[in-house]
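Notes for the one structure printed next.
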There are 2 protein chains.
Amino acid sequence: MKILHHPHRDDIHLSSVLYALSDPIRLGIISVLAQTGEQPCNYFCVPVAKSTLSHHIRTLREAGVVFVRIQGTQHFVTIRRADMDTRFPGLLDAVLGAASDAADFSADPSSPSDGVT
Amino acid sequence: MKILHHPHRDDIHLSSVLYALSDPIRLGIISVLAQTGEQPCNYFCVPVAKSTLSHHIRTLREAGVVFVRIQGTQHFVTIRRADMDTRFPGLLDAVLGAASDAADFSADPSSPSDGVT
DNA sequence: TCAATTGTTCGATAATATTAGAACTATCAA
DNA sequence: TTGATAGTTCTAATATTATCGAACAATTGA
């Protein structure tokens with residue numbers, strides 16, 4: 001099984017995190033994750049090709065913002081809450097609180113209820 | 001006298017602010033400003049050409065992070081604290097608190113030569 | 001085994017960012 | 001007026017990023 005690289009907590013740098021969060025699509029993804037918890041990549045309804053989404057998820061992962069867990073054919077993404085909060089206390093909360101700017105990339109509203117709640 | 005453009009508070013966007021803060025040099029400048037208050041551009045001891053410094057200050061200004069006031073031949077720079085705190089509560093404090101990463105670009109007429117002992 | 005699902009990686013392109021040096025503007029002081 | 005100071009703007013080179021489509025790999029289900 002493929003192994004994904006995640007930076008160690010101490011190797012997470014503020015500049016990289018801020019950069020990762022500075023893209024509206026990535027900010028939207030984080031916003032969705034904060035509201036809904038762990039999600040597979042295909043949960044995000046982003047207006048970009050899947051290869052582009054893959055790139056954005058990787059950017060977030062390599063910056064240390066998210067953790068990606070592979071299960072079957074799906075890649076489940078979560079925010080590295082504890083690491084973020086330890087390394088940069090208050091940062092994620094401030095960003096998420098301010099991210100009303102962020103577009104809503106939650107699961108497609110046109111699709112029937114997926115029973116999640 | 002030249003008029004510098006500053007975005008109105010409501011036109012300051014989270015993505016742009018995060019992007020502006022994601023550069024180590026700009027982060028260092030903000031860190032110095034937070035510690036020392038208003039400073040002219042030539043106060044910052046950054047390892048780049050003055051045209052490059054000018055570019056970074058402009059990036060911060062256009063993102064809405066700093067205010068630049070012209071007096072004589074000098075351009076005095078301050079953090080737009082109130083606007084940042086109103087628009088994105090807690091963000092700047094979190095970034096500054098986490099910015100021990102940031103290089104120290106304070107004026108150093110006779111700085112300690114680091115590592116020489 | 002075959003096909004569908006999920007996502008990555010590669011190749012290419014267009015846009016944007018960083019950087020420096022040179023020329024320039026504006027102010028100030030002698 | 002002359003020279004020094006402070007910083008901008010222009011031009012150009014280099015590097016990085018975002019984006020897409022096509023090809024690919026791994027897993028799952030029929």
Side-chain angles (χ1 to χ4, degrees), chain A residues 1-6 13 15-30 32-33 38-63 65-78 103 105 107-108 111 114, chain B residues 1-6 13 15-30 32-33 38-63 65-78 103 105 107 109:
Chain A
M1 191 224 279
K2 183 107 186 234
I3 298 283
L4 295 176
H5 176 255
H6 293 81
H13 299 292
S15 292
S16 310
V17 168
L18 293 175
Y19 180 79
L21 295 176
S22 74
D23 180 278
I25 290 189
R26 292 192 291 262
L27 195 55
I29 288 172
I30 291 300
V32 167
L33 286 176
E38 185 179 61
Q39 297 295 346
C41 294
N42 75 337
Y43 177 82
F44 308 110
C45 287
V46 291
V48 293
K50 64 177 181 172
S51 55
T52 303
L53 172 59
S54 185
H55 155 75
H56 284 306
I57 301 283
R58 174 161 61 168
T59 299
L60 288 167
R61 173 173 54 81
E62 291 180 343
V65 180
V66 303
F67 180 80
V68 181
R69 171 177 71 86
I70 301 179
Q71 183 180 319
T73 62
Q74 296 190 108
H75 289 210
F76 285 88
V77 188
T78 44
F105 297 139
D108 196 341
S111 68
D114 50 11
Chain B
M1 190 224 282
K2 182 107 184 231
I3 298 282
L4 295 177
H5 177 255
H6 292 82
H13 299 291
S15 292
S16 309
V17 169
L18 293 176
Y19 181 80
L21 295 175
S22 74
D23 181 277
I25 290 190
R26 293 192 292 263
L27 193 55
I29 289 171
I30 292 301
V32 167
L33 286 175
E38 185 179 62
Q39 298 295 347
C41 294
N42 74 338
Y43 177 82
F44 308 109
C45 287
V46 290
V48 293
K50 64 176 182 173
S51 57
T52 304
L53 172 59
S54 185
H55 154 75
H56 283 307
I57 301 283
R58 176 161 60 168
T59 299
L60 287 167
R61 173 173 53 81
E62 291 181 342
V65 180
V66 302
F67 180 80
V68 182
R69 171 177 71 87
I70 300 179
Q71 183 180 319
T73 62
Q74 296 189 106
H75 289 211
F76 286 87
V77 188
T78 44
F105 297 138

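Reminder, nothing fancy here: chain letters follow the sequence lines and each chain counts from 1. Just the heavy atoms: all of them, side chains too, but no hydrogens, waters or symmetry mates, feed the values below. Keep in mind that what you see is a predicted model, and the values were worked out from it rather than measured.
- A donor-acceptor pair under 3.5 Å is formed between the side chain of B:Arg61 and the backbone N or O of B:His5.
- Atom NE2 in A:His5 sits roughly 14 Å away from atom P in C:dT9 (whole-Å rounding).
- Shortest non-hydrogen contact noted between B:Ser16 and B:Ala63 is O-CB, 3.7 Å.
- The base of C:dA20 lies close enough to the side chain of B:Ser51 for a donor and an acceptor atom to sit less than 3.5 Å apart.
- The nucleotide whose nearest atom lies closest to any side-chain atom of B:Ser54 is, among D:dT19, C:dG7, D:dT9, D:dT9.
- Atoms CD (B:Gln71) and P (C:dT27) sit 12 Å apart, rounded to a whole Å.
- A straight line from CZ of A:Arg69 to P of D:dA26 spans 20 Å, rounded to a whole angstrom.
- With rounding to whole Å, B:Gln74 atom CD is found 6 Å from D:dG7 atom P.
- The side chain of A:Asn42 approaches C:dT6 more closely than any other nucleotide in the set D:dC20, C:dT6, C:dA23.
- Close to D:dG7, at under 4.0 Å from its OP1 or OP2, lies no side-chain N or O of B:Arg58.
- Comparing A:Gly72 and A:Ala49 against DNA chain D, the residue whose closest nucleotide sits nearer the 5' end is A:Ala49.
- In terms of position on DNA chain D, the residue among A:Tyr19 and A:Leu53 whose nearest nucleotide sits closer to the 5' end is A:Tyr19.
- The distance from atom CG of B:Leu60 to atom CG of B:Leu33, rounded to the nearest 0.5 Å, is 8.5 Å.
- Using modelled atom types, no side-chain atom of A:Ser54 and backbone atom of A:Lys50 make a donor-acceptor pair closer than 3.5 Å.
- For B:Pro40, the side-chain atoms get nearest to D:dG7 when compared with the rest of D:dG7, C:dA20, D:dC20.
- Taking side-chain N and O atoms only, A:Thr52 has a distance below 4.0 Å to OP1 or OP2 of D:dC20.
- When the P atom of D:dC10 is taken as reference, atom NZ of B:Lys50 falls 16 Å away, rounded to whole Å.
- Residue B:His75 places none of its side-chain N or O atoms closer than 4.0 Å to OP1 or OP2 of D:dG7.
- Within 4.0 Å (heavy atoms only), A:His56 reaches sugar-phosphate atoms of the nucleic acid but no base atom.
- When rounded to the nearest whole Å, the span between CG of A:Leu4 and P of C:dT6 equals 18 Å.
- For the OP1/OP2 pair of C:dT5 and a distance below 4.0 Å, the side-chain nitrogens and oxygens of A:Thr73 include no atom meeting the criterion.
- Computed from coordinates, the B:His55 NE2 to D:dT8 C1' distance equals 13 Å when rounded to whole Å.
- Atom CD1 of A:Ile3 is separated from atom C1' of C:dT9 by 18 Å (rounded to the nearest Å).
- Counting heavy atoms from C-beta outward, A:Arg26 and A:Tyr19 have side chains that approach closer than 4.5 Å.
- Closest to the B:Ile25 side chain, of the nucleotides D:dT19, C:dT19, C:dG7, is C:dT19.
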